[in-house]
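To start, the structure itself, in structure tokens.
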Amino acid sequence: MAKIQAIRGMNDILPEQTPVWQFVEATVRQVLRQYGYQEIRMPIVEQTDLFKRSIGEVTDIVEKEMYTFEDRNGDSLTLRPEGTAGCVRAAEEHGLLFNQTRRLWYTGPMFRHERPQKGRYRQFHQIGVECFGMSGPDIDAELLILTARLWQALELSGHTRLEINSIGTSESRKTYRSALVDYLSQYKSDLDADSQRRLETNPLRILDSKDAGTRKILENAPSLDDYLDEESRSHFERLRELLDAAGIEYTVNPALVRGLDYYGKTVFEWITDSLGAQGTVCAGGRYDGLVEQLGGKPTFAVGFAMGIERLILLLETLDLIPEHVNSNADVYVTAMGDASVAPALALAEQLRNELPDYVVVTHCGGGSFKSQMKKADKSGARYAVILGENEVAGGTAGLKPLRSDEPQKEVPQAELAQALADVLSN
RNA sequence: GUGGACGUAGCUCAGCUGGUAGAGCUCAGGAUUGUGACUCCUGCGGUCGAGGGUUCGAACCCCUUCGUCCACCCCA
């Protein structure tokens with residue numbers, strides 16, 4: 001019988017990996033807390049229409065990447081392919097957006113039926129940040145300053161670069177789009193095959209083409225910049241001033257277009273060159289029209305999402321996972337012989353009471369002294385506490401350093417916690 | 001959805017022109033009746049991804065299929 005295994009592109013996160021995830025999540029949480037962002041938790045499943053109406057009917061995500069299925073009562077439901085739509089739905093549904101400003105964040109799995117590759121999976125995890133009710137470029141700048149602080153906290157500054165652009169309001173973008181299509185249509189047969197297809201589906205994406213012939217044609221193409229409305233233009237200029245003032249480095253990439261329909265004005269991406277083809281580690285932008293589009297009052301909004309898998313992949317590639325993240329024991333308590341099992345369990349409890357910040361692992365499962373010592377070593381603990389018949393009889397414990405050549409000491413059990421506190425703290 | 005590479009022990013891999021499987025690491029035990037890391041010895045561990053075909057004989061050749069990885073598309 002065939003073995004049942006995980007769904008393609010949906011990965012188990014194993015015990016060796018979870019400490020890294022917790023480290024990244026905790027670091028992000030801490031930075032967001034500093035800026036006063038509030039966490040929101042949404043369901044993983046939403047009505048299919050929510051995504052169709054927000055992401056855009058003709059995007060790849062909606063057309064061919066969604067996990068959509070029928071509920072038992074016939075409703076069409078979809079596993080969320082991204083977080084913004086559900087966040088807007090939840091915030092709107094509970095009156096979080098009316099006449100107020102909000103700074104929200106969330107994390108969790110997202111689902112897209114794509115072919116997996118490095119840094120891209122069918123179930124992947126994002127940390128999303130969304131801000132509502134603020135119209136100016138100052139909040140755009142805050143988001144970028146916040147992410148820059150996060151890169152610093154993760155020691156990723158210098159391995160990520162920021163690209164920004166303004167794609168204008170949907171009206172100005174529409175005008176530009178038709179100008180671009182008009183221009184490119186003259187050369188349609190000279191465009192590469194992908195770009196010919198994009199002419200129908202997503203013409204702005206052609207700006208990004210790597211094909212030499214297409215690039216040549218693009219040289220004389222109309223520029224998005226010339227079609228920007230005045231408000232978008234000044235918004236973008238002000239954003240650049242704010243970033244300059246904050247010392248955030250960036251490049252303006254006129255070809256930077258986001259794939260989701262709801263974006264307008266500011267768009268940005270943090271990119272790394274260390275991950276191969278999937279180098280975008282964080283991306284977002286402004287989406288002032290979305291709340292209204294989903295049935296709410298017009299509400300200014302801007303946000304971004306980070307891919308946790310990509311962040312972790314990057315940290316691992318650059319060998320930036322701090323040492324302490326992977327250690328899963330500080331003290332390992334051995335128990336030699338049946339008679340010392342109960343005292344060992346009791347002694348470990350005593351240590352946990354007095355040293356709540358340290359990880360105390362008790363040896364279970366018996367075995368020779370030698371094998372217990374091996375396990376102590378393997379655990380990564382800095383100290384072994386040795387409890388055998390002699391120690392139990394004398395009310396002491398052996399305190400053995402495992403990471404240095406210092407000699408083992410016999411310590412009265414009552415003084416063991418203090419002795420460990422002294423040696424573990426330096 | 002398209003293309004390429006690859007599936008042999010828990011992990012990393014070797015296995016020549018077809019002759020029915022090996023190493024290192026890990027794990028368990030021992031050398032050392034209560035002391036890990038280094039060393040040495042012993043042991044556990046494989047329907048060679050699956051199914052079919054060719055052959056006296058297939059891990060190796062052929063077909064099919066499943067899976068993984070990387071890239072394209074697209075995206076975090």
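Lettering follows sequence order; numbering is per chain, from 1. What's counted below: heavy atoms across the whole structure, side chains too, no hydrogens, waters or symmetry copies. Because the structure is a prediction, the values reported are computed rather than measured.
- What separates NZ of K378(A) from C1' of U35(B) is a distance of 15 Å, to the nearest Å.
- Across the P atoms, U8(B) and U68(B) are found 14 Å apart, a figure rounded to whole Å.
- Of all nucleotides listed (U35(B), C75(B), G67(B)), U35(B) comes nearest to the side chain of I386(A).
- Remark: P of C73(B) and CD1 of I61(A) are 16 Å apart, rounded to the nearest angstrom.
- Checking D182(A) against S185(A) by side-chain atom types alone, no donor-acceptor pair falls below 3.5 Å.
- In this structure, E82(A) reaches neither bases nor backbone, as no heavy-atom distance under 4.0 Å exists between it and the strands shown.
- Between A5(B) and C61(B), the two P atoms lie 14 Å apart (nearest whole Å).
- For Y227(A) against A179(A), the heavy-atom pair with the smallest separation is OH-CB, 3.2 Å.
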- Task: Show the numbers, then the answer: is there a ring-ring contact (aromatic ring centres under 6.0 Å, His included) between H125(A) and W21(A)?
- Result: CA-CA 10 Å; H125(A) 298 76; W21(A) 281 72; 5.1 Å; yes

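- Separating the CZ atom of R198(A) from the P atom of C74(B) is a distance of 4 Å, rounded to the nearest angstrom.
- Between I312(A) atom CD1 and A76(B) atom C1' the separation is 13 Å, expressed in whole Å.
- Judged by distance alone, with hydrogens and angles left aside, Q5(A) brings no side-chain donor or acceptor close enough to the base of G49(B) to form a pair under 3.5 Å.
- Under the 3.5 Å distance criterion, with hydrogens and angles disregarded, no donor-acceptor pair is assigned to the side chains of T396(A) and E391(A).
- In the interface, the side chain of Q408(A) is paired with the base of U35(B) through a donor and an acceptor atom under 3.5 Å apart.
- At the heavy-atom level, S371(A) lies under 4.0 Å from the strands shown only through sugar-phosphate atoms.
- For R403(A), counting side-chain heavy atoms from C-beta on, the closest listed nucleotide (C73(B), C75(B), G36(B)) is G36(B).
- Taking atom C1' in both A37(B) and G43(B), the straight-line distance is 22 Å, to the nearest Å.
- Listed nucleotides A76(B), G36(B), C74(B) differ in distance to K400(A); the shortest reach to its side chain belongs to G36(B).
- E391(A) comes within 4.0 angstrom of a nucleotide base, judged by non-hydrogen atoms across all strands.
- Annotation: proximity of residues 106-129 of chain A to RNA chain B (heavy atom, distance under 4.0 Å) is found for R112(A), E114(A), R115(A), Q117(A), K118(A), G119(A), R120(A), Y121(A), F124(A), Q126(A), numbered in ascending order.
- To the nearest 0.5 Å, atoms CZ (R80(A)) and OG1 (T84(A)) are separated by 11.0 Å.
- Between U39(B) and G34(B), the two P atoms lie 22 Å apart (nearest whole Å).
- Side-chain contact check for Q152(A) and R149(A): no donor-acceptor pair (N or O, by modelled atom type) lies under 3.5 Å.
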- Secondary-structure string, 5' to 3', Watson-Crick or G-U under 3.5 Å, | for another-strand partners, for RNA chain B: (((((((..((((.....[..)))).(((((.......))))).....(((((..]....))))))))))))....

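- Nucleic acid contact class of L260(A) (heavy atoms, under 4.0 Å, all strands): sugar-phosphate only.
- Using a 4.0 Å heavy-atom cutoff across all strands shown, A376(A) reaches no nucleic acid atom at all.
- Side chain of L402(A), nearest nucleotide from G36(B), A76(B), C74(B): G36(B).
- Across the protein-nucleic acid pair, M373(A) atom CE and U35(B) atom P stand 10 Å apart, rounded to whole Å.
- Side-chain polar atoms of Y287(A) and E130(A) form a donor-acceptor pair below 3.5 angstrom.
- Phosphate proximity of A28(B) to K375(A): present, with a side-chain N or O under 4.0 Å from OP1 or OP2.
- Residue E389(A) is in base contact, counting any heavy-atom pair closer than 4.0 Å across all strands shown.
- Under the salt bridge (charged side-chain N to carboxylate O under 4.0 Å, His left out) test applied with R120(A), the options E65(A), E114(A), E309(A) reduce to a single match, E114(A).
- The interatomic distance linking E406(A) (CD) with A37(B) (C1') rounds to 16 Å, in whole Å.
- Here the side chains of I321(A) and E316(A) are in contact, with some heavy-atom distance below 4.5 Å.
- The side chain of K374(A) contributes no N or O atom lying less than 4.0 Å from OP1 or OP2 of A28(B).
- Mapping V281(A) and D405(A) onto RNA chain B via the closest heavy atom, the residue that lands nearer the 5' end is D405(A).
- Side chain to side chain, Q418(A) and D422(A) meet the donor-acceptor criterion of an N or O pair below 3.5 Å.
- Using atom P as the reference point in both C11(B) and G57(B), the two lie 33 Å apart (nearest Å).
- Nucleotides C48(B) and A14(B) are separated by 13 Å at their C1' atoms, to the nearest Å.
- For C75(B), one of the phosphate oxygens OP1 or OP2 lies less than 4.0 angstrom from a side-chain nitrogen or oxygen of R205(A).
- For the C1' atom pair drawn from C60(B) and G18(B), the interatomic distance equals 6 Å after rounding to whole Å.
- Comparing D194(A) and G367(A) along RNA chain B, the residue whose closest nucleotide (by nearest heavy atom) sits nearer the 5' end is G367(A).
- Between D338(A) atom CG and G34(B) atom P the separation is 15 Å, expressed in whole Å.
- As a whole-Å value, the separation of N202(A) CG from C74(B) P is 8 Å.
- Rounded to whole Å, the C1' atom of G45(B) lies 13 Å from the corresponding atom of G22(B).
- Between the side chains of H235(A) and D140(A), a donor-acceptor pair is found at a separation under 3.5 Å.
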- Run the side-chain hydrogen bond (donor to acceptor under 3.5 Å, both in side chains) check on T68(A) and T78(A) step by step: do they pass? CA-CA 4 Å; T68(A) 297; T78(A) 294; 2.9 Å; yes

